[in-house]
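Here's the structure, in structure tokens; my notes come after.
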2 protein chains.
Amino acid sequence: MATRRQLPPRPETAARRREILAAALEIFGAKGYKNGPLAEIAEQVGMTHAGILHHFGSKDRLLVEVLRYRDESDVEGLEDQHIPDGIELFRHLIRTAFANEARPGIVQAYAVLSAESVTDGHPGRDYFEERYRVLRAEIVEAFTVVCRDRGIDDAQLVDRAAASILAVMDGLQVQWLLDPTQVELAETSAFAIEAIALQALSPRPSPFDAE
Amino acid sequence: MATRRQLPPRPETAARRREILAAALEIFGAKGYKNGPLAEIAEQVGMTHAGILHHFGSKDRLLVEVLRYRDESDVEGLEDQHIPDGIELFRHLIRTAFANEARPGIVQAYAVLSAESVTDGHPGRDYFEERYRVLRAEIVEAFTVVCRDRGIDDAQLVDRAAASILAVMDGLQVQWLLDPTQVELAETSAFAIEAIALQALSPRPSPFDAE
DNA sequence: ACTAACTTACAATGCAGTCAGTAAGTAAGT
DNA sequence: ACTTACTTACTGACTGCATTGTAAGTTAGT
């Protein structure tokens, strides 16, 4: 049996796929993954839903590629390619919160899809599990660097602070999406990140214990 | 035109409706609202999906009643009927975080539905918008009481702290649902709430400014 | 010539909501 | 006490729509 020839994709195809991924992120963000039909994505890039399946095989695989694609293009957008470390990471997170105010679509996509991913058999679940693991680890690393400078070291505290920082950013996004007039996304994120980092770096006693 | 007679519901009906509401919360939590079929809810209470529509009229109205029902039965569960105020509210929030570790189903329902509610035309949107407004106001009130005792008063700080506390609780829930082995829901919530409250009650300078 | 990149048409499923019918309850009149 | 008139609480069958995936055919690039 002759191994059948595999032609390389045509030059425009890569760009076409990127168009589809961008449209899919928009639709999934606006309506959720399960409730965002392929036909609507297809319409936005001027083809039929069967055309999209030709490129991505199935809706599930499309979602996975959408999520990975967003990650890549986020990293591209960074001026400095390397991941910021130490105290720079915290500044980067706050800058991200400010930048996010200008792109509610992407914020909504992540908020909607991350929560949807915890539902039964959701195809995005592995992605988000891994994403949080990696992000927490990066923040833990940044804390560790800063802690070393200051001669302190409490792994448990740092783990909790890392999870809390991501949590507060995500949670504020939901509140902000529900009513942007009531929540200042960026300033509030900055406040909370500082509060949590301060408590991790030089803890004060709980104000809630019996007094 | 003769006004048509309206019989009162039968004695068992109230209990039946509550069964349906409980089943609906479970299904919506597990699969999301749009993706949670009425038939599955019906099956769990031993009737057909048409029976459910007889009681609630439409799926949208069922969702709204489910959310309101959960609120009520939460309040019932409290030993003291009145809303805790001042420092007691913070202790109550932390106790809630500990209690939540034992009821992942309800946690998941709120996490999934609140995020889904920001999507286009979602029937739960009004509920969650209001819910966050009320909860933020309660926390602001608690801060105000505590601040008064200490002779301080910064409305902006308190607003931000209130939103942040809710945000961190919600965000941690998502991370915990994705991987409970990696996040200690209750302890981390307590840590973050304390950190945020401390910074609101006696602020320290940002650790991220140029040094 | 072969294949990528589609389209059109269709199959298969899943789902909310409607409708007519039924059994059992309730109120009112006698 | 019993009947009549009406209602509640459903079921089962069906409609209509939306949606993913597939298969076969068409066009144009290489």
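Because only heavy atoms are used, hydrogens play no part in the values below, and waters and symmetry mates are left out as well, while side chains stay in. Keep in mind it's a predicted model, so treat the numbers as computed, not measured. Naming: A, B, ... by sequence-line order, numbering from 1 per chain.
- If you take CD on B:Gln173 and CG on A:Asp170, they are separated by 12.5 Å, rounding to the nearest 0.5 Å.
- Within the 4.5 Å cutoff, the side chain of B:Val183 has no heavy atoms near those of the A:Tyr132 side chain.
- Taking atom CZ of residue B:Arg17 and atom P of nucleotide D:dA9, one finds them 9 Å apart after rounding to whole Å.
- For B:Arg133, the salt bridge (charged side-chain N to carboxylate O under 4.0 Å, His left out) partners are B:Glu130, not counting sequence neighbours.
- In the region residues 27-35 of chain A, proximity to DNA chain C at under 4.0 angstrom, judged on heavy atoms, holds for none of the residues.
- Listed by first and then second residue, the salt bridge (charged side-chain N to carboxylate O under 4.0 Å, His left out) pairs that reach into residues 174-200 of chain A are A:Glu184-B:Arg160, sequence neighbours excluded.
- Looking at residues two or more places apart in sequence or on another chain, you find a salt bridge (charged side-chain N to carboxylate O under 4.0 Å, His left out) between B:Lys31 and B:Glu40.
- When the shell of 6.0 Å around CD of A:Gln182 is examined, it contains more than 12 heavy atoms from other residues, nucleotides or ligands.
- Rounded to an integer number of Å, the gap from CG of A:Leu53 to C1' of C:dA9 is 15 Å.
- Residues of residues 58-67 of chain A having a heavy atom closer than 4.0 Å to DNA chain C: none are found.
- Between the C1' atom of D:dT22 and the CZ atom of A:Phe56 lies a distance of 19 Å, rounded to the nearest Å.
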Could you give the side-chain donor-acceptor pairs of residues 104-114 of chain B under 3.5 Å, partners two or more places apart or in another chain?
{"from": "B:Gln108", "atom 1": "NE2", "to": "A:Val118", "atom 2": "O", "distance (Å)": "3.3"}
{"from": "B:Gln108", "atom 1": "NE2", "to": "B:Gly29", "atom 2": "O", "distance (Å)": "3.0"}
{"from": "B:Tyr110", "atom 1": "OH", "to": "B:Tyr127", "atom 2": "OH", "distance (Å)": "3.4"}
{"from": "B:Ser114", "atom 1": "OG", "to": "B:Tyr110", "atom 2": "O", "distance (Å)": "2.8"}
{"from": "B:Ser114", "atom 1": "OG", "to": "B:Ala111", "atom 2": "O", "distance (Å)": "3.2"}

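- Taking a 6.0 Å sphere around NZ of A:Lys59, one finds it holds more than 12 heavy atoms contributed by other residues, nucleotides or ligands.
- Using Watson-Crick or G-U wobble geometry with both donor-acceptor distances under 3.5 Å, C:dT26 finds its partner in D:dA5.
- For DNA chain C, the residues of residues 36-45 of chain B within the heavy-atom distance limit of 4.0 Å (strictly under) are B:Gly36, B:Pro37, B:Leu38, sorted by number.
- Checked against side chain to side chain donor-acceptor pair (under 3.5 Å), A:Asp60 has the following partners two or more places apart in sequence or in another chain: A:Tyr33.
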All N/O contacts under 3.5 Å from nucleotides 6-8 of chain C to the protein, with atom names and distances to one decimal?
{"from": "C:dC6", "atom 1": "OP2", "to": "A:His55", "atom 2": "NE2", "distance (Å)": "2.8"}
{"from": "C:dT7", "atom 1": "OP2", "to": "A:Thr48", "atom 2": "N", "distance (Å)": "3.1"}
{"from": "C:dT7", "atom 1": "OP2", "to": "A:Thr48", "atom 2": "OG1", "distance (Å)": "2.7"}

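- Residue pairs meeting the salt bridge (charged side-chain N to carboxylate O under 4.0 Å, His left out) criterion with at least one partner in residues 115-127 of chain B, sequence neighbours excluded, are B:Arg125-B:Glu129.
- Under the salt bridge (charged side-chain N to carboxylate O under 4.0 Å, His left out) criterion, the residue pairs touching residues 103-115 of chain B are B:Asp74-B:Arg103, with sequence neighbours excluded.
- Applying the salt bridge (charged side-chain N to carboxylate O under 4.0 Å, His left out) test to pairs two or more places apart or on separate chains, those with a residue in residues 14-28 of chain B are B:Arg16-B:Glu19, B:Arg17-B:Glu65.
- Residues A:Ile196 and B:Phe191 are in side-chain contact: their nearest non-hydrogen atoms beyond the backbone lie under 4.5 Å apart.
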